[in-house]
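In this chain, residues are counted from 1 in sequence order. For the numbers below, each heavy atom of this structure counts, side chains included, while hydrogens, waters and symmetry mates do not.
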Amino acid sequence: MQNLQNELINLLKHEDNLVVDGHLNKNKIIELALKVEPQLIGLLIKSETFKKHFFQEVSTVLVFDKIKFQRFVNNKSFLPDSYTAFKNKIGLITNDNDLDNFISTSNDVVLAWPHKDCVLEGGQTKEDQKRNEIFWNETLAPDSVDRLLDAKAFTNFRKFDIDGEHKVTELKGDENLIIKGNNLFAITSLLKTHRGKIKLIYIDPPYNTGNDTFMYNDNFNHSTWLTFMKNRLKIAKELLHSEGSIFIQIDDFEDAYLKVLMDEIFDGSNFRNKITWKRRGGSANPTNRLNNVSDYILWYTKNENFTFHTPFTIDDENTQKYIKERFTNKDEKGRKFMKSPLQSPNPRPNLMYDYKGFKTPKNGWSISLEKMKEWDEQGKLWFPDDKEKNINRKIYLDEYQGQPISSLWTDISVINPMSNERGEFEGGQKPEALLQRIIEMTTNIGDIVLDFHLGSGTTAATAHKMNRKYIGIEQMDYIENIIVNRLKNVIGFNSVTESNGQTTLIENNSIINFDNDGISKKVKWQGGGSFVYVELMQYNQKYVDLIQNAETKDKLINVWNEIQNAAFLYYQFDKKTFNERLEAFKTAPIEEMKQYLAEVLDKNQLYVNYSEINDETFKVSQEDKALNKQFYSKK
């Protein structure tokens with residue numbers, strides 16, 4: 001097998017981008033193979049070895065077995081003539097009854113996703129005031145993917161700081177970013193600028209339950225949902241810093257499937273914890289199951305060496321009880337402390353020493369002689385009157401951080417969107433305290449945090465208050481009313497301080513309360529900082545939006561007339577035949593008409609590729625060209 005792989009490397013090493021650093025560029029090779037690209041097929045068929053394994057003669061014609069070749073490229077233990085090709089492989093498969101079709105080796109791309117967070121339209125206060133968002137959960141086969149994942153062009157650059165909104169004239173490369181657009185295309189674009197730079201990725205993706213606030217035309221099945229996740233997680237791993245972490249919040253409908261997928265992508269050895277967050281109290285059980293009061297957060301790291309700061313809690317009931325029971329001693333200055341034994345629970349032959357007449361404990365001390373002397377000089381040791389007893393460490397209450405936090409988080413409550421006393425941002429349910437804990441655990445000041453399912457903006461708002469850099473990505477139109485306004489509030493956009501000391505915001509002749517909620521008081525937040533808002537430059541995506549927003553069949557046909565003259569259509573679509581049958585098309589239900597028109601658009605051209613900004617077809621302004629070049633030059 002290894003010889004066969006080496007032979008393929010030698011065969012393709014002179015071809016553009018098919019062998020990188022001595023290794024097969026598997027994704028690119030498989031993409032070309034599934035398209036039966038002539039140049040690749042020509043090289044393979046000239047090799048007697050590959051001709052024997054991957055071509056069959058049918059009526060004097062050689063037929064390329066592209067599925068067999070795909071398995072060979074992806075699977076290290078491939079046996080070309082044996083049913084045992086995958087017998088030792090464990091993984092998730094698609095729902096098409098092909099037991100060899102593993103999701104981890106699939107090259108399908110899932111484009112659209114339903115939005116999950118319970119975010120209400122600006123000004124709405126009731127859950128029943130839902131927006132009728134339409135999503136076509138379209139999956140593209142590899143032969144439909146051309147330049148889909150190329151870096152995209154950006155437009156509508158705007159900067160916000162305490163002095164207001166500004167036109168962006170220069171990008172330094174360290175800006176906080178809020179990006180509007182499909183998150184798959186946004187994160188692939190970030191690979192050019194942020195590969196290996198993101199310290200923390202937190203996402204709260206759609207849970208695939210069908211019970212979200214917004215309404216969709218269809219739920220994902222497991223395989224589509226997992227493919228959708230895999231497309232994004234593989235890129236997320238490339239974006240992570242070598243000491244970085246990724247946290248994915250999920251419920252019990254998909255967490256087991258997601259865990260297997262994450263083990264495949266991030267390596268099971270880099271799994272850290274499955275955190276159980278008790279997000280609310282229980283009430284009456286559903287009729288057919290127990291009431292679920294928890295979410296789960298899967299934590300993986302890029303490598304075995306990663307940034308980690310042990311979290312502690314001091315405010316919960318159990319810790320307060322512990323303090324009351326243990327901190328019962330006072331020193332000569334009246335400072336409360338508790339005694340902590342210094343003898344080791346396990347044999348420590350390298351820590352066997354007597355100290356000030358106190359003999360070595362049975363297993364040795366738990367600290368070195370140097371540390372013992374240091375704590376003694378600092379007055380942090382307690383010596384008993386009886387030298388037959390052991391020295392203890394003094395842990396002072398005023399220095400006590402609390403109890404180390406386990407993987408069960410019961411001390412952070414969800415925000416109730418129906419409450420009038422919620423005291424935190426009205427648009428989402430995740431409290432800033434949840435993100436604060438995760439950010440504190442795995443990052444330092446100045447590190448970059450990424451959330452590509454930004455929702456109501458909690459991750460960005462929390463990171464901003466904690467002096468971390470951040471990138472947030474969201475496709476939904478409420479990004480302006482909810483996320484941008486929330487961050488403007490965090491910054492103190494056009495803020496003034498009145499005589500009574502209350503900080504307010506003046507915007508559009510209205511007064512908005514300054515953000516003193518969430519973690520603001522805890523971190524002593526005083527406003528400041530900035531962020532840049534930017535959008536992926538649409539092309540076919542704007543026609544998708546027009547299709548979605550068409551309210552009548554007549555308006556939809558008007559959209560079609562615009563599409564056929566200006567949009568990029570799928571290469572196999574016969575526009576002439578379609579127009580000949582247009583009257584029959586109009587008899588279909590409007591939702592089916594919309595879905596069909598969306599499907600005939602070439603998805604490779606949803607957004608403008610950065611490499612094509614000079615193409616007059618896309619009418620990119622000189623200003624946008626300059627800013628895009630600046631953005632992609634800051635590597």
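Closest of all the heavy-atom pairs between L261 and K230 is CD2-N, 3.9 Å. In plain terms, the two heavy atoms of N485 and N481 that are nearest each other are ND2-O, 3.1 Å. In terms of heavy atoms, Q249 sits closest to W277 at NE2-CZ3, 3.5 Å. Among all heavy-atom pairs drawn from N270 and N303, the shortest one is OD1-C, 3.3 Å. In terms of heavy atoms, G529 sits closest to I491 at O-CG2, 3.6 Å. Residue S245 comes nearest to W299 through the heavy atom pair OG-NE1, 3.1 Å, listed as atom of the first residue, atom of the second, then distance.
Checking each of K522, R486, R437 against E432 for a salt bridge (charged side-chain N to carboxylate O under 4.0 Å, His left out) leaves exactly one that passes, namely R486.
Side-chain atoms of S294 and R279, non-hydrogen and from C-beta on, never get closer than 4.5 Å to each other. Looking only at side-chain heavy atoms (C-beta outward), I203 and D451 come within less than 4.5 Å of each other. F618 has its side chain within reach of Q605: a pair of non-hydrogen atoms, C-beta onward, lies under 4.5 Å apart. Residues L239 and L191 meet the side-chain proximity criterion, which asks for heavy atoms closer than 4.5 Å. Side-chain contact between I471 and N176 is absent, with no heavy-atom pair separated by less than 4.5 Å. Residues L397 and I323 have side chains in contact (heavy-atom distance under 4.5 Å, counting atoms from C-beta outward).
Remark: N305 CG is loosely packed, at most 12 non-hydrogen atoms of other residues, nucleotides or ligands lying under 6.0 Å away. More than 12 heavy atoms of other shown residues, nucleotides or ligands fall within 6.0 angstrom of atom CD in E399.
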- [ ] Any chance you could lay out the salt bridge (Lys or Arg N to Asp or Glu O under 4.0 Å) test for K278 and D411, step after step, and finish with the verdict?
- [x] CA-CA 8 Å; K278 186 177 182 295; D411 58 327; over 6 Å; no
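To the nearest 0.5 Å, atoms CD1 (I246) and OH (Y300) are separated by 10.5 Å. Interatomic distance, NZ of K152 versus CG of L190, reported as 13.0 Å (0.5 Å rounding). Within the model, atoms OG1 of T459 and CD of Q436 stand 13.0 Å from one another, a figure rounded to the nearest 0.5 Å. Taking CZ from F266 and CG from L240, the interatomic distance works out to 5.5 Å, rounded to the nearest 0.5 Å. In this structure, the separation between CG on L149 and CG on N231 is 8.0 Å, given to the nearest 0.5 Å.
A cation-pi geometry, defined here as NZ or CZ lying under 6.0 Å from the six-membered ring centre and within 45° of its normal, holds between K259 and F271.
Aromatic ring centres of Y533 and F160: separated by at least 6.0 Å. Note: F531 and H464 fail the aromatic proximity criterion, with ring centroids not under 6.0 Å apart.
In summary, the side chains of H241 and D447 do not present any donor paired with an acceptor at a separation below 3.5 Å, with no hydrogens or angles considered. A donor atom on one side chain and an acceptor atom on the other are found under 3.5 Å apart for Q538 and D545. In the model, E562 has no side-chain atom that pairs as donor or acceptor with a side-chain atom of N558 under 3.5 Å.
K199 contributes no side-chain N or O that, together with a main-chain N or O of G244, makes up a donor-acceptor pair within less than 3.5 Å. Proximity of a side-chain donor or acceptor of D602 to a complementary backbone N or O of F568 within less than 3.5 Å is not detected. Counting only distance, with no hydrogens or angles, the side chain of S621 and the backbone of D624 share a donor-acceptor pair below 3.5 Å. Judged purely by atom type and a 3.5 angstrom limit, E175 has no side-chain atom pairing as donor or acceptor with the backbone of L177. Side chain of K167 to main chain of R158: no donor-acceptor pair is present (N/O by atom type, distance under 3.5 Å, no hydrogens or angles).
Among residues two or more places apart in sequence or in another chain, the salt bridge (charged side-chain N to carboxylate O under 4.0 Å, His left out) test is passed with K469 by none. Every residue two or more places apart in sequence or in another chain that forms a side-chain contact (heavy atoms from CB on, under 4.5 Å) with V534 is listed here: F154, F157, I179.
Taking the six-membered ring for Trp and thresholds of 30 and 60 degrees, Y607 and F185 have ring planes more than 60 degrees apart, a perpendicular arrangement. Relative ring orientation between H194 and F631 is described as tilted, the plane-to-plane angle lying within the 30° to 60° band. The aromatic rings of F306 and F308 sit tilted relative to each other, their planes meeting at an angle between 30° and 60°. Between H453 and F228, the ring-plane angle classifies as perpendicular under the 30° and 60° cut-offs.
In summary, D295 and K430 do not engage in a salt bridge, as defined by a charged side-chain N under 4.0 Å from a carboxylate O.
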